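Scroll down for the structure; my scribbles are underneath it.
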Amino acid sequence: MSSAWHIVDVVAVQEETATARTIGLRFPLPVRSLPGQHLDLRLTAPDGYQAVRSYSVASASPPDTLEITVEELPDGEVSPYLVRKLAVGDQLEVRGPVGGWFVWRPEDASPVQLIAGGSGVVPLMAMVRAHDQARHPAPFRLLYSVRDPESVYYRQELESLAGSSSGLAVDYVYTRRAPAGRPVGRLDARILASSVFGPEADPAVFICGATGFVETVSGWLVDSGYPPERIKTERYGGMGGTG
Amino acid sequence: MNGWTGRPAPGGPGAGERGTGGPDGLGEDYLDGNALAGPLSEVFLIDMTSARGRCDSCGAVSAIAEARLYVNAPAMVLRCPSCSGVLLRVRRDGGQAVLDLRGFSYLTIDLG
Amino acid sequence: MGIISSGFQGRRNRDDPGLPPGQHRAEDFPVLSAGPTPRIARADWEFRIVTETGTSRHWDWAAFLALPQEDITADIHCVTSWSKLGTHWRGVALDTLFDQIETTARFSLVHSYGGYTTNVPLADLLGGKAWIVHQFNGADLPSEHGGPARLLVPHLYFWKSAKWVRGLELTGEEIPGFWETNGYHAHGDPWREERYG
Ligand SMILES: Cc1cc2nc3c(=O)[nH]c(=O)nc-3n(C[C@H](O)[C@H](O)[C@H](O)COP(=O)(O)OP(=O)(O)OC[C@H]3O[C@@H](n4cnc5c(N)ncnc54)[C@H](O)[C@@H]3O)c2cc1C
Ligand SMILES: [Zn+2]
């Protein structure tokens with residue numbers, strides 16, 4: 001059974017924001033991942049205590065390296081270690097990539113609506129990147145709820161993709177502080193309706209973030225007539241708000 | 001007997017009970033069944049989270065990925081999104097996985 | 001064992017002589033939840049004991065509060081490996097509730113609102129070992145910790161201390177409850193590490 005676990009090398013760490021970090025993991029063998037999949041990480045303390053947590057794959061650098069982005073939860077058991085202490089050269093135990101449901105498949109030609117709360121942008125970014133790399137014709141739209149401008153992950157890449165002909169549009173909702181001239185406030189049903197593909201476009205919808213965020217947003221969409229079977233969700237845990 | 005079955009219900013809340021939505025507006029902390037992909041990958045060769053199962057308590061059919069997964073417990077507990085009856089329990093006991101699937105009347109697994 | 005992360009501690013305090021083997025000390029009070037939290041109004045709450053012959057007694061909230069109340073200080077041990085020392089509770093001893101019960105049963109199946117069950121031998125409920133508690137640290141027990149009332153059997157693993165308790169079914173034979181049917185130990189003594197059956 002333990003064959004499911006690989007030992008991977010930490011080959012890169014990069015500050016993504018003041019509280020989040022992108023970590024490159026090199027696998028012992030070539031590794032393939034589908035956009036939206038996640039890894040399970042297992043940490044073992046010197047006295048044998050173990051903790052397992054899941055992290056979405058943010059991007060792949062073929063043939064053998066995957067990146068994850070971890071947000072530090074101040075009272076968390078695992079994330080502060082990953083964001084503050086883990087260093088290049090360390091090793092980790094990893095299971096996956098796993099998951100076949102919360103996955104964007106290029107065979108699907110429908111428009112894609114992505115909705116992220118905070119660190120929930122990570123697997124959606126994997127979809128955005130796959131869409132761009134494939135020069136896929138389906139229109140993509142990302143609605144990204146964050147605290148403030150400094151908390152945006154992958155900011156430059158998102159800006160340049162949204163400004164290009166890649167077919168990606170990005171809308172931000174700033175919950176605590178916004179750039180000059182932009183409104184501040186939590187996502188609500190009205191803002192949601194005005195920033196996503198309408199139900200008549202029959203988009204494939206992917207929502208990811210804290211459990212409370214996903215719960216609320218998916219409820220609004222179903223109430224507005226999006227068929228539940230077109231909505232796929234990834235709850236990260238936690239009843240925290242909309243980013 | 002007011003709703004007791006006398007059996008340890010594998011299933012959900014007994015009939016006639018109050019709703020579970022918090023009056024305080026607090027929801028429940030749970031994950032999507034997606035998060036079972038890792039633990040189940042140690043047991044099954046193909047991804048089981050896309051398998052669709054019929055809830056033995058209420059008859060609703062949903063993918064494992066769509067059901068609600070409670071992880072802050074002695075074992076991971078997967079519950080039906082319609083009736084919150086228990087569908088599956090899995091835990092690790094040393095070198096063994098203990099998997100209880102009795103909340104499903106059946107699972108439909110895509111073999112590709 | 002795989003890779004050791006030397007800077008990783010986890011959120012724990014170990015090597016504590018007051019703790020059973022394999023346990024660590026929790027400063028907060030972790031919420032374990034294997035399902036949705038039932039919200040039961042006190043006006044709707046009732047607790048009943050049904051004996052092996054089918055006779056039953058029940059108490060509504062007012063009748064329950066009218067019984068002699070006890071203050072309990074106890075260490076609790078969760079099978080997921082945290083322990084919390086010196087917790088304070090207020091409630092009614094099972095001995096008090098059993099004063100009016102005729103039974104020769106040796107086992108009980110504890111039932112909760114929400115459908116949870118757990119089995120506990122009567123010998124572990126009587127003799128000053130178990131209570132139905134409704135206060136924690138001087139305040140009403142919040143629903144995520146089992147309010148309005150939960151069973152407290154501190155000398156067994158905490159999954160035996162059923163949250164949202166609604167009654168006891170007394171039986172001659174032992175009927176395994178929710179975790180016990182999943183391979184957890186029928187008795188659950190943390191000092192003997194009776195985790196798995
Ligand atoms: C499939 C899946 C993919 C995930 N991918 C990522 C990822 O790409 N990046 C990432 O940073 N995290 C991700 N998470 C969350 C991650 O697994 C951990 O829960 C998180 O890092 C906290 O772990 P911890 O040990 O630090 O906190 P813990 O000590 O476990 O305590 C954290 C508490 O906060 C809750 N919580 C978890 N996530 C959030 C959140 N986003 N907001 C508010 N509360 C939360 C938990 O339910 C728990 O109650 C993912 C979770 C799942 C299930
Ligand atoms: Zn059901």
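Letters A, B, ... mirror the listed sequences (proteins, then strands); counts begin at 1. All values reported here derive from a predicted model rather than from experimental measurement. Excluded from the calculations below are hydrogen atoms, water molecules and symmetry mates; all remaining heavy atoms, backbone and side chain alike, are included.
- Atom OG of C/Ser5 is separated from atom CG of A/Leu82 by 8.5 Å, given to the nearest 0.5 angstrom.
- Within 6.0 Å of CD in A/Glu15 there are more than 12 heavy atoms belonging to other residues, nucleotides or ligands.
- Annotation: the span from A/Glu93 atom CD to C/Ile3 atom CD1 amounts to 6.5 Å, rounded to 0.5 Å.
- At a 4.5 Å heavy-atom cutoff, the contact between A/Ile7 and chain C is made by side-chain atoms alone.
- Around the CD atom of A/Gln156, the shell of radius 6.0 Å holds no more than 12 heavy atoms that belong to other residues, nucleotides or ligands.
- Remark: C/Arg192 CZ is loosely packed, at most 12 non-hydrogen atoms of other residues, nucleotides or ligands lying under 6.0 Å away.
- A 6.0 Å sphere centred on CZ of C/Arg106 holds no more than 12 heavy atoms belonging to other residues, nucleotides or ligands.
- In terms of heavy-atom proximity, A/Lys85 sits nearest to C/Gly7 at NZ-O, 3.2 Å.
- Within 6.0 Å of the CD atom in C/Glu102, the count of heavy atoms belonging to other residues, nucleotides or ligands does not exceed 12.
- Closest approach of A/Ala51 to C/Phe8, counting heavy atoms only: CB-CZ, 3.9 Å.
- Closest of all the heavy-atom pairs between C/Ile4 and A/Pro46 is CG2-CA, 3.5 Å.
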